[in-house]
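Residue numbers begin at 1 in each chain, while the letters A, B, ... track the order of the sequences. If you're wondering where the values come from, they're calculated on a predicted model, not measured in any experiment.
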Amino acid sequence: DGGITQSPKYLFRKEGQNVTLSCEQNLNHDAMYWYRQDPGQGLRLIYYSQIVNDFQKGDIAEGYSVSREKKESFPLTVTSAQKNPTAFYLCASSSSGRGAYEQYFGPGTRLTVT
Amino acid sequence: AQSVTQLGSHVSVSEGALVLLRCNYSSSVPPYLFWYVQYPNQGLQLLLKYTSAATLVKGINGFEAEFKKSETSFHLTKPSAHMSDAAEYFCAVSERWGGKLIFGQGTELSVKP
């Protein structure tokens with residue numbers, strides 16, 4: 001079955017620690033995205049990548065880092081510089097280029113930092 | 001710049017009643033538009049998308065949306081609500097190149113028995 005996997009589903013960390021969230025897709029999509037979701041604020045774009053070895057900052061990139069070494073994988077690191085890291089994180093992928101390409105979403109990772 | 005506004009952060013309907021979730025967009029070029037649904041603690045699932053082929057778009061689970069250029073709207077409707085429709089719904093607009101989406105703030109739909 002094709003799709004996007006995110007692991008783990010729930011993640012707990014102590015303040016001051018970096019943590020990496022996994023995102024893998026087998027849809028052969030060129031583009032991948034990371035969103036943060038907080039209650040009442042919709043989805044906010046953190047980083048996106050339209051091709052391997054290239055990525056761009058989204059609206060709220062401060063305190064986060066990413067890599068795109070493989071087409072299938074787009075891990076997100078939440079660093080200790082992120083002031084309010086507790087949130088629901090969603091990864092998505094899509095085709096890219098000219099056209100109406102919907103994004104396919106993973107099940108999400110709920111990160112709690114105390 | 002493109003933007004999306006969803007009117008009403010919470011909508012409550014009775015089971016069997018009409019569902020109407022409102023979405024207005026701002027775009028300098030003809031947009032691509034999407035509606036997604038999210039159940040608690042899950043990812044988003046595509047309900048339907050508008051790609052300029054037809055102004056009335058039918059999606060999954062009995063939902064449909066009509067693109068109205070004159071009103072810059074893309075409202076989501078369903079004739080008869082089911083309890084299972086209770087979820088959060090997001091409207092999104094995309095650039096014509098690249099796949100990047102701009103999401104609205106979301107509308108939480110409650111369905112009363």
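Placement of B/Leu56 and B/Tyr50 in two distinct hydrophobic clusters is found when ILVMFWY residues are connected by side-chain heavy-atom separations under 4.5 Å, directly or transitively. Side-chain heavy atoms closer than 4.5 Å link hydrophobic residues (I, L, V, M, F, W, Y) into clusters, and following such links, even through other members, never connects A/Val113 to A/Tyr10. In the hydrophobic clustering of this structure, A/Leu45 does not group with B/Val93; members are Ile, Leu, Val, Met, Phe, Trp, Tyr whose side-chain heavy atoms approach within less than 4.5 Å, directly or through other members. Following chains of ILVMFWY side-chain contacts shorter than 4.5 Å, one cannot reach B/Trp35 starting from B/Leu7, and the two form parts of different hydrophobic clusters. Hydrophobic clustering, with ILVMFWY side chains joined whenever heavy atoms are under 4.5 angstrom apart, groups B/Leu76 together with B/Val4.
Taking a 6.0 Å sphere around OH of A/Tyr47, one finds it holds more than 12 heavy atoms contributed by other residues, nucleotides or ligands. The local environment of CZ in A/Arg44 is crowded, with over 12 non-hydrogen atoms from other residues, nucleotides or ligands closer than 6.0 Å. Remark: A/Ile51 CD1 is loosely packed, at most 12 non-hydrogen atoms of other residues, nucleotides or ligands lying under 6.0 Å away.
In terms of heavy-atom proximity, A/Tyr35 sits nearest to B/Leu101 at OH-O, 4.2 Å. Closest of all the heavy-atom pairs between B/Asn41 and A/Lys9 is O-NZ, 2.6 Å. The shortest non-hydrogen separation linking A/Glu102 to B/Lys49 is OE1-NZ, 2.6 Å. Closest non-hydrogen pair, B/Gln38 versus A/Phe88, comes out as NE2-CE2, 3.7 Å. Across all non-hydrogen atoms, the minimal contact from A/Tyr33 to B/Lys100 is OH-N, 3.7 Å.
Options B/Gln45, B/Glu88, B/Gln6, B/Gln42 differ in how many heavy-atom pairs under 4.5 Å they form with chain A, and the most are formed by B/Gln42. Of the listed residues B/Leu44, B/Ile102, B/Leu33, the one with more heavy-atom pairs under 4.5 angstrom with chain A than any other is B/Leu44. Most heavy-atom pairs under 4.5 Å with chain B: of the set A/Arg110, A/Gln41, A/Gln103, A/His29, this distinction falls to A/Gln103.
Aromatic pair B/Tyr36/A/Phe105: ring centres closer than 6.0 Å.
Contact of A/Gln6 with chain B is not made at all, since no heavy-atom distance falls under 4.5 Å. For A/Ile4, no part lies near chain B; criterion is any non-hydrogen pair under 4.5 Å.
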